[in-house]
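Structure record follows, encoded as C-alpha coordinates.
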Amino acid sequence: MICVPTPLSSDGAPDLGPLHSAVGSVAAHLRAGTLVIAESTTYPGTTDEEIRPVLEAGGMTAGSDFFLAFSPERIDPGNRSFGPKNTPKVVGGHTSACADAAEAFYSRFIDTVVRTKGTREAEMAKLLENTYRHINIALVNEVARFCHDLKIDLWDVIAAASTKPFGFQAFRPGPGVGGHCIPIDPNYLSHRVRARLGYPFRFVELAQEINGAMPGYIARRIQDQLNLDAKPLRGSAVLLLGVTYKPDIADTRESPAIPLAKALVQQGAVVRFHDPLVKQLAIFNQDLPRVDDVDQSLAAADICVLLQNHRDYDVDAMSAVSRRFFDTRGVARPAHNVQLL
(Lines give C-alpha, C1' and ligand atoms only; values in the text may rest on other atoms or scores of the structure.)
Protein backbone atom coordinates (compact mmCIF):
# COMPACT_ATOMS: atom_id res chain seq x y z
CA MET A 1 0.00 0.00 0.00
CA ILE A 2 1.36 3.38 -1.06
CA CYS A 3 0.13 6.18 1.19
CA VAL A 4 2.38 9.20 0.66
CA PRO A 5 1.66 12.94 0.34
CA THR A 6 0.72 14.33 -3.06
CA PRO A 7 1.24 18.07 -2.53
CA LEU A 8 1.43 20.97 -4.95
CA SER A 9 4.71 22.37 -6.24
CA SER A 10 5.65 26.03 -5.87
CA ASP A 11 3.92 26.82 -9.18
CA GLY A 12 0.69 25.08 -8.16
CA ALA A 13 1.22 21.96 -10.27
CA PRO A 14 0.94 18.40 -8.92
CA ASP A 15 4.09 17.24 -7.13
CA LEU A 16 4.37 13.48 -7.56
CA GLY A 17 7.89 13.34 -6.16
CA PRO A 18 6.97 11.42 -2.99
CA LEU A 19 4.82 9.04 -5.02
CA HIS A 20 7.58 8.35 -7.55
CA SER A 21 10.04 7.71 -4.72
CA ALA A 22 7.69 5.25 -3.02
CA VAL A 23 6.90 3.44 -6.26
CA GLY A 24 10.61 3.09 -6.97
CA SER A 25 11.12 1.49 -3.57
CA VAL A 26 8.25 -0.92 -4.15
CA ALA A 27 9.55 -1.83 -7.61
CA ALA A 28 12.96 -2.70 -6.18
CA HIS A 29 11.37 -5.36 -3.97
CA LEU A 30 8.45 -6.47 -6.15
CA ARG A 31 7.83 -10.21 -6.31
CA ALA A 32 5.34 -12.33 -8.23
CA GLY A 33 1.90 -12.42 -6.65
CA THR A 34 2.30 -9.11 -4.82
CA LEU A 35 -0.70 -6.80 -4.50
CA VAL A 36 0.22 -3.11 -4.92
CA ILE A 37 -2.40 -0.52 -4.00
CA ALA A 38 -1.97 3.25 -4.29
CA GLU A 39 -4.09 5.34 -1.91
CA SER A 40 -2.49 8.75 -2.46
CA THR A 41 -4.89 11.24 -4.03
CA THR A 42 -3.85 12.08 -7.57
CA TYR A 43 -5.15 12.88 -11.03
CA PRO A 44 -6.84 10.27 -13.23
CA GLY A 45 -4.33 8.16 -15.12
CA THR A 46 -1.57 8.21 -12.51
CA THR A 47 -1.81 4.52 -11.63
CA ASP A 48 -1.68 3.41 -15.25
CA GLU A 49 0.73 6.01 -16.62
CA GLU A 50 3.06 6.78 -13.70
CA ILE A 51 2.99 3.74 -11.40
CA ARG A 52 2.48 0.72 -13.66
CA PRO A 53 5.44 1.37 -16.05
CA VAL A 54 7.86 1.59 -13.12
CA LEU A 55 6.57 -1.63 -11.58
CA GLU A 56 6.64 -3.44 -14.92
CA ALA A 57 10.17 -2.27 -15.79
CA GLY A 58 11.59 -5.36 -14.07
CA GLY A 59 9.86 -7.68 -16.52
CA MET A 60 6.65 -8.58 -14.68
CA THR A 61 3.19 -7.65 -15.97
CA ALA A 62 0.38 -6.11 -13.92
CA GLY A 63 -2.69 -8.32 -13.87
CA SER A 64 -0.85 -11.58 -14.42
CA ASP A 65 2.44 -11.53 -12.48
CA PHE A 66 1.36 -9.04 -9.81
CA PHE A 67 -1.79 -7.11 -8.97
CA LEU A 68 -2.21 -3.33 -9.19
CA ALA A 69 -5.10 -1.20 -7.91
CA PHE A 70 -6.02 2.28 -6.76
CA SER A 71 -8.16 2.93 -3.69
CA PRO A 72 -8.48 6.52 -2.46
CA GLU A 73 -8.32 7.20 1.25
CA ARG A 74 -11.52 8.41 2.86
CA ILE A 75 -10.42 9.19 6.39
CA ASP A 76 -12.21 12.05 8.16
CA PRO A 77 -10.08 12.97 11.19
CA GLY A 78 -12.13 13.53 14.32
CA ASN A 79 -15.29 11.96 12.91
CA ARG A 80 -16.95 9.99 15.70
CA SER A 81 -19.50 8.27 13.46
CA PHE A 82 -17.46 7.05 10.51
CA GLY A 83 -14.01 5.45 10.63
CA PRO A 84 -12.09 3.13 8.32
CA LYS A 85 -14.26 0.09 9.04
CA ASN A 86 -17.72 1.49 8.28
CA THR A 87 -16.77 3.94 5.52
CA PRO A 88 -17.28 2.31 2.10
CA LYS A 89 -13.95 1.74 0.30
CA VAL A 90 -13.71 2.53 -3.40
CA VAL A 91 -11.44 0.19 -5.37
CA GLY A 92 -10.38 0.25 -9.00
CA GLY A 93 -8.15 -2.47 -10.44
CA HIS A 94 -5.89 -2.42 -13.49
CA THR A 95 -7.66 -5.64 -14.50
CA SER A 96 -10.58 -7.55 -13.05
CA ALA A 97 -8.08 -9.91 -11.37
CA CYS A 98 -6.40 -6.90 -9.79
CA ALA A 99 -9.76 -5.63 -8.54
CA ASP A 100 -10.56 -9.09 -7.14
CA ALA A 101 -7.32 -9.13 -5.16
CA ALA A 102 -7.81 -5.59 -3.81
CA GLU A 103 -11.43 -6.26 -2.88
CA ALA A 104 -10.46 -9.46 -1.06
CA PHE A 105 -7.80 -7.57 0.89
CA TYR A 106 -9.99 -4.66 2.01
CA SER A 107 -12.99 -6.89 2.74
CA ARG A 108 -11.03 -8.45 5.58
CA PHE A 109 -11.37 -5.30 7.68
CA ILE A 110 -13.82 -2.94 5.90
CA ASP A 111 -17.57 -3.50 5.81
CA THR A 112 -18.30 -2.36 2.25
CA VAL A 113 -16.05 -2.36 -0.82
CA VAL A 114 -17.25 -0.49 -3.90
CA ARG A 115 -15.65 -1.49 -7.21
CA THR A 116 -15.23 0.90 -10.12
CA LYS A 117 -14.61 0.02 -13.75
CA GLY A 118 -10.90 0.76 -13.46
CA THR A 119 -8.20 2.79 -11.77
CA ARG A 120 -9.10 6.06 -13.54
CA GLU A 121 -12.65 5.92 -12.23
CA ALA A 122 -11.40 5.32 -8.68
CA GLU A 123 -8.91 8.19 -8.98
CA MET A 124 -11.61 10.48 -10.35
CA ALA A 125 -14.12 9.51 -7.63
CA LYS A 126 -11.87 10.93 -4.93
CA LEU A 127 -11.34 14.16 -6.83
CA LEU A 128 -15.06 14.52 -7.48
CA GLU A 129 -15.83 14.12 -3.77
CA ASN A 130 -13.41 16.87 -2.76
CA THR A 131 -14.20 19.13 -5.72
CA TYR A 132 -17.88 18.95 -4.78
CA ARG A 133 -17.06 20.19 -1.29
CA HIS A 134 -14.60 22.80 -2.55
CA ILE A 135 -17.13 24.36 -4.93
CA ASN A 136 -20.02 24.36 -2.46
CA ILE A 137 -17.88 25.90 0.27
CA ALA A 138 -16.88 28.60 -2.20
CA LEU A 139 -20.54 29.18 -3.05
CA VAL A 140 -21.55 29.74 0.55
CA ASN A 141 -18.43 31.84 1.25
CA GLU A 142 -19.38 34.19 -1.58
CA VAL A 143 -23.00 34.28 -0.40
CA ALA A 144 -21.73 35.19 3.08
CA ARG A 145 -20.01 38.28 1.73
CA PHE A 146 -23.02 39.79 0.00
CA CYS A 147 -25.42 38.71 2.75
CA HIS A 148 -23.32 40.78 5.15
CA ASP A 149 -23.52 43.77 2.81
CA LEU A 150 -27.29 43.30 2.41
CA LYS A 151 -27.76 42.85 6.18
CA ILE A 152 -29.13 39.32 5.74
CA ASP A 153 -28.47 36.73 8.47
CA LEU A 154 -26.91 33.95 6.40
CA TRP A 155 -26.86 31.52 9.33
CA ASP A 156 -30.64 31.88 9.64
CA VAL A 157 -30.94 31.39 5.88
CA ILE A 158 -28.93 28.16 6.01
CA ALA A 159 -30.99 26.88 8.94
CA ALA A 160 -34.20 27.58 7.03
CA ALA A 161 -32.97 26.01 3.79
CA SER A 162 -31.80 22.94 5.71
CA THR A 163 -35.38 22.10 6.64
CA LYS A 164 -36.00 20.98 3.05
CA PRO A 165 -35.85 17.16 3.20
CA PHE A 166 -34.58 16.76 -0.37
CA GLY A 167 -32.42 18.53 -2.92
CA PHE A 168 -30.35 20.57 -0.46
CA GLN A 169 -27.22 19.89 1.56
CA ALA A 170 -26.04 22.52 4.00
CA PHE A 171 -22.55 23.97 3.62
CA ARG A 172 -21.37 26.71 5.94
CA PRO A 173 -18.99 29.63 5.43
CA GLY A 174 -15.74 30.11 7.26
CA PRO A 175 -12.38 31.88 7.17
CA GLY A 176 -11.16 29.71 4.30
CA VAL A 177 -10.42 26.06 3.59
CA GLY A 178 -7.58 23.95 4.93
CA GLY A 179 -6.21 20.47 5.30
CA HIS A 180 -4.54 18.13 2.85
CA CYS A 181 -7.65 17.62 0.66
CA ILE A 182 -9.88 20.56 -0.18
CA PRO A 183 -7.24 23.23 -0.96
CA ILE A 184 -5.07 20.77 -2.92
CA ASP A 185 -6.92 17.86 -4.52
CA PRO A 186 -9.18 19.83 -6.89
CA ASN A 187 -6.06 21.48 -8.31
CA TYR A 188 -4.83 18.05 -9.38
CA LEU A 189 -7.96 17.70 -11.48
CA SER A 190 -7.82 21.28 -12.79
CA HIS A 191 -4.18 20.88 -13.79
CA ARG A 192 -4.90 17.57 -15.52
CA VAL A 193 -7.75 19.07 -17.54
CA ARG A 194 -5.58 21.99 -18.67
CA ALA A 195 -2.52 19.86 -19.43
CA ARG A 196 -4.33 17.02 -21.19
CA LEU A 197 -7.34 18.73 -22.77
CA GLY A 198 -6.13 22.32 -23.14
CA TYR A 199 -9.01 24.13 -21.45
CA PRO A 200 -9.71 25.25 -17.88
CA PHE A 201 -11.88 23.61 -15.25
CA ARG A 202 -13.51 26.93 -14.46
CA PHE A 203 -15.55 25.87 -11.45
CA VAL A 204 -12.44 24.68 -9.60
CA GLU A 205 -10.37 27.71 -10.49
CA LEU A 206 -13.14 30.10 -9.42
CA ALA A 207 -13.68 28.18 -6.18
CA GLN A 208 -9.97 28.36 -5.45
CA GLU A 209 -10.04 32.11 -6.02
CA ILE A 210 -13.04 32.64 -3.72
CA ASN A 211 -11.86 30.38 -0.90
CA GLY A 212 -8.31 31.69 -1.14
CA ALA A 213 -9.57 35.26 -0.69
CA MET A 214 -11.46 34.55 2.54
CA PRO A 215 -8.57 35.18 4.98
CA GLY A 216 -8.08 38.62 3.44
CA TYR A 217 -11.81 39.27 3.70
CA ILE A 218 -11.78 38.23 7.37
CA ALA A 219 -8.89 40.64 8.00
CA ARG A 220 -10.95 43.49 6.52
CA ARG A 221 -13.95 42.56 8.65
CA ILE A 222 -11.71 42.63 11.74
CA GLN A 223 -10.47 46.08 10.74
CA ASP A 224 -14.04 47.31 10.26
CA GLN A 225 -15.05 46.20 13.74
CA LEU A 226 -12.04 47.86 15.34
CA ASN A 227 -12.99 51.06 13.51
CA LEU A 228 -16.29 51.04 15.41
CA ASP A 229 -14.20 51.54 18.56
CA ALA A 230 -12.07 54.21 16.86
CA LYS A 231 -9.11 51.85 16.90
CA PRO A 232 -6.79 51.26 13.96
CA LEU A 233 -5.75 47.73 13.10
CA ARG A 234 -2.12 48.76 13.57
CA GLY A 235 -1.25 48.30 17.20
CA SER A 236 -4.50 46.57 18.15
CA ALA A 237 -4.38 43.27 20.02
CA VAL A 238 -6.01 40.47 18.02
CA LEU A 239 -6.51 37.04 19.58
CA LEU A 240 -7.11 34.14 17.18
CA LEU A 241 -9.01 31.21 18.69
CA GLY A 242 -8.55 27.80 17.10
CA VAL A 243 -5.92 27.63 14.35
CA THR A 244 -6.36 24.08 13.07
CA TYR A 245 -8.04 23.44 9.73
CA LYS A 246 -10.93 21.55 11.33
CA PRO A 247 -12.25 21.18 14.89
CA ASP A 248 -10.85 18.83 17.51
CA ILE A 249 -7.74 17.72 15.62
CA ALA A 250 -4.16 18.98 15.97
CA ASP A 251 -3.55 19.61 12.28
CA THR A 252 -2.70 23.04 10.86
CA ARG A 253 -1.92 21.99 7.29
CA GLU A 254 -3.12 24.69 4.89
CA SER A 255 -5.09 26.24 7.75
CA PRO A 256 -6.64 29.61 6.83
CA ALA A 257 -5.45 30.85 10.21
CA ILE A 258 -1.95 31.12 8.74
CA PRO A 259 -2.66 33.53 5.85
CA LEU A 260 -5.03 35.47 8.13
CA ALA A 261 -2.32 35.89 10.77
CA LYS A 262 0.12 36.97 8.07
CA ALA A 263 -2.30 39.58 6.71
CA LEU A 264 -2.93 40.98 10.19
CA VAL A 265 0.75 41.09 11.15
CA GLN A 266 1.65 42.78 7.87
CA GLN A 267 -0.83 45.53 8.72
CA GLY A 268 0.70 46.06 12.14
CA ALA A 269 -1.71 44.19 14.38
CA VAL A 270 -0.40 42.53 17.53
CA VAL A 271 -1.53 38.97 16.89
CA ARG A 272 -1.61 36.08 19.34
CA PHE A 273 -3.35 32.75 19.22
CA HIS A 274 -4.83 30.13 21.46
CA ASP A 275 -5.56 26.53 20.55
CA PRO A 276 -5.87 23.68 23.04
CA LEU A 277 -4.34 21.29 20.49
CA VAL A 278 -1.57 23.42 18.97
CA LYS A 279 1.56 24.58 20.77
CA GLN A 280 3.32 26.30 17.87
CA LEU A 281 2.22 28.15 14.75
CA ALA A 282 4.86 29.64 12.49
CA ILE A 283 4.43 32.59 10.14
CA PHE A 284 7.25 34.35 8.29
CA ASN A 285 9.63 31.70 9.72
CA GLN A 286 8.85 32.78 13.29
CA ASP A 287 6.52 31.38 15.93
CA LEU A 288 3.35 33.37 16.43
CA PRO A 289 2.97 34.18 20.16
CA ARG A 290 0.71 31.68 21.92
CA VAL A 291 -1.30 32.45 25.04
CA ASP A 292 -1.72 29.90 27.79
CA ASP A 293 -4.25 31.69 29.97
CA VAL A 294 -7.05 32.13 27.46
CA ASP A 295 -9.51 33.67 29.96
CA GLN A 296 -7.18 36.53 30.83
CA SER A 297 -6.22 37.02 27.18
CA LEU A 298 -9.85 37.24 26.04
CA ALA A 299 -10.47 40.28 28.20
CA ALA A 300 -7.18 41.93 27.24
CA ALA A 301 -7.58 41.65 23.46
CA ASP A 302 -9.18 44.41 21.43
CA ILE A 303 -10.92 41.75 19.37
CA CYS A 304 -11.14 37.96 19.64
CA VAL A 305 -11.68 35.93 16.48
CA LEU A 306 -13.13 32.42 16.58
CA LEU A 307 -11.64 30.53 13.65
CA GLN A 308 -12.25 26.96 14.82
CA ASN A 309 -14.98 25.81 17.19
CA HIS A 310 -13.14 23.19 19.24
CA ARG A 311 -15.11 21.01 21.61
CA ASP A 312 -13.12 22.45 24.54
CA TYR A 313 -14.31 25.99 23.82
CA ASP A 314 -17.29 27.44 25.68
CA VAL A 315 -17.95 30.02 23.00
CA ASP A 316 -20.69 31.93 24.79
CA ALA A 317 -18.59 32.23 27.94
CA MET A 318 -15.63 33.39 25.86
CA SER A 319 -17.63 35.99 23.98
CA ALA A 320 -19.16 37.30 27.21
CA VAL A 321 -15.77 38.44 28.56
CA SER A 322 -14.45 39.76 25.23
CA ARG A 323 -14.48 43.40 24.19
CA ARG A 324 -15.37 42.36 20.66
CA PHE A 325 -15.93 38.81 19.46
CA PHE A 326 -15.89 37.93 15.76
CA ASP A 327 -17.39 34.48 15.17
CA THR A 328 -16.51 33.02 11.75
CA ARG A 329 -18.35 29.76 12.54
CA GLY A 330 -21.82 31.02 13.41
CA VAL A 331 -22.04 29.40 16.85
CA ALA A 332 -21.97 32.32 19.31
CA ARG A 333 -25.13 33.59 21.03
CA PRO A 334 -26.12 37.05 19.73
CA ALA A 335 -24.85 39.92 21.87
CA HIS A 336 -23.90 43.57 21.46
CA ASN A 337 -20.19 42.70 21.19
CA VAL A 338 -20.61 39.63 18.94
CA GLN A 339 -20.33 39.80 15.17
CA LEU A 340 -20.98 36.77 12.93
CA LEU A 341 -19.38 36.17 9.57
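Atom set for the values below is all heavy atoms of this structure, side chains included, hydrogens, waters and symmetry mates excluded. On a predicted model such as this, the values are computed, not experimentally measured, just so you know.
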Taking all non-hydrogen atoms of both residues, which atom of [X] and which atom of [Y] are closest, and how far apart?
X: Thr34; Y: Phe66; value: O-CB, 3.3 Å
X: Pro84; Y: Ile110; value: O-CG1, 3.6 Å
X: Phe67; Y: Ala97; value: CD2-O, 3.8 Å

Under a 4.5 Å cut-off applied to non-hydrogen side-chain atoms, are [X] and [Y] in contact?
X: Leu206; Y: Ile210; value: yes
X: Asp327; Y: Leu341; value: no
X: Phe70; Y: Val91; value: no
X: Val305; Y: Leu241; value: no

Lys262 to Phe284 six-membered ring, cation-pi geometry met (6.0 Å, 45°): yes
State plainly whether the residues [X] and [Y] are in salt-bridge range, i.e. N to O under 4.0 Å.
X: Asp251; Y: Arg253; result: yes
X: Arg324; Y: Asp302; result: no
X: Glu103; Y: Lys89; result: no
X: Glu49; Y: Arg192; result: yes
X: Glu209; Y: Arg202; result: no
X: Asp292; Y: Arg290; result: yes
X: Asp229; Y: Arg323; result: no
X: Arg115; Y: Asp100; result: yes

Measuring from [X]:[atom1] to [Y]:[atom2], what's the distance to the nearest 0.5 Å?
X: Tyr188; Y: Asp15; atom1: OH; atom2: CG; result: 6.0 Å
X: Arg145; Y: Leu150; atom1: CZ; atom2: CG; result: 13.0 Å
X: Ile182; Y: Lys246; atom1: CD1; atom2: NZ; result: 10.0 Å
X: Tyr313; Y: Gln308; atom1: OH; atom2: CD; result: 9.5 Å

Check the side chains of Arg221 and Tyr217 for a donor-acceptor pair under 3.5 angstrom, ignoring hydrogens and angles. yes
side-chain hydrogen bond (donor to acceptor under 3.5 Å, both in side chains) partners for Ser322, two or more places apart: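 With sequence neighbours excluded, Ser322 shows a side-chain hydrogen bond (donor to acceptor under 3.5 Å, both in side chains) to no residue whatsoever.
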Side-chain donor-acceptor pairs under 3.5 Å in residues 161-173, sequence neighbours left out?
{"from": "Ser162", "atom 1": "OG", "to": "Ile158", "atom 2": "O", "distance (Å)": "2.7"}
{"from": "Thr163", "atom 1": "OG1", "to": "Ala160", "atom 2": "O", "distance (Å)": "2.6"}
{"from": "Gln169", "atom 1": "OE1", "to": "Tyr132", "atom 2": "OH", "distance (Å)": "2.7"}

Criterion side-chain hydrogen bond (donor to acceptor under 3.5 Å, both in side chains) on Glu123 and Thr47, from CA distance to verdict: CA-CA 8 Å; Glu123 291 161 339; Thr47 303; 2.6 Å; yes
Can you list, pair by pair, the side-chain donor-acceptor contacts under 3.5 Å of residues 51-64, counting residues two or more places apart and other chains?
{"from": "Arg52", "atom 1": "NE", "to": "Asp48", "atom 2": "OD1", "distance (Å)": "2.6"}
{"from": "Arg52", "atom 1": "NH1", "to": "Glu56", "atom 2": "OE1", "distance (Å)": "3.0"}
{"from": "Arg52", "atom 1": "NH2", "to": "Asp48", "atom 2": "OD1", "distance (Å)": "3.1"}
{"from": "Glu56", "atom 1": "OE2", "to": "Ala62", "atom 2": "N", "distance (Å)": "2.9"}
{"from": "Ser64", "atom 1": "OG", "to": "Thr61", "atom 2": "O", "distance (Å)": "3.4"}

Side chain of Thr46, backbone of Tyr43: donor and acceptor closer than 3.5 Å?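 Yes, Thr46 side chain to Tyr43 backbone: donor-acceptor pair under 3.5 Å.
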Within a reach of under 6.0 Å around OH of Tyr199, are more than 12 heavy atoms found that belong to other residues, nucleotides or ligands?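 At most 12 heavy atoms, drawn from other residues, nucleotides or ligands, come within 6.0 Å of this atom.
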How far apart are the C-alpha atoms of Glu73 and Lys126, what are their side-chain angles, what is the distance that settles it, and do they pass the salt bridge (Lys or Arg N to Asp or Glu O under 4.0 Å) test? CA-CA 8 Å; Glu73 61 87 12; Lys126 171 66 173 182; 3.2 Å; yes
So if you build clusters from Ile, Leu, Val, Met, Phe, Trp, Tyr with side-chain heavy-atom gaps below 4.5 Å, do Phe326 and Phe273 land together? yes
Cluster overlap Leu228 with Val338, hydrophobic side-chain contacts below 4.5 Å: no
Centroid-to-centroid, Phe325 to His336, below 6.0 Å? no
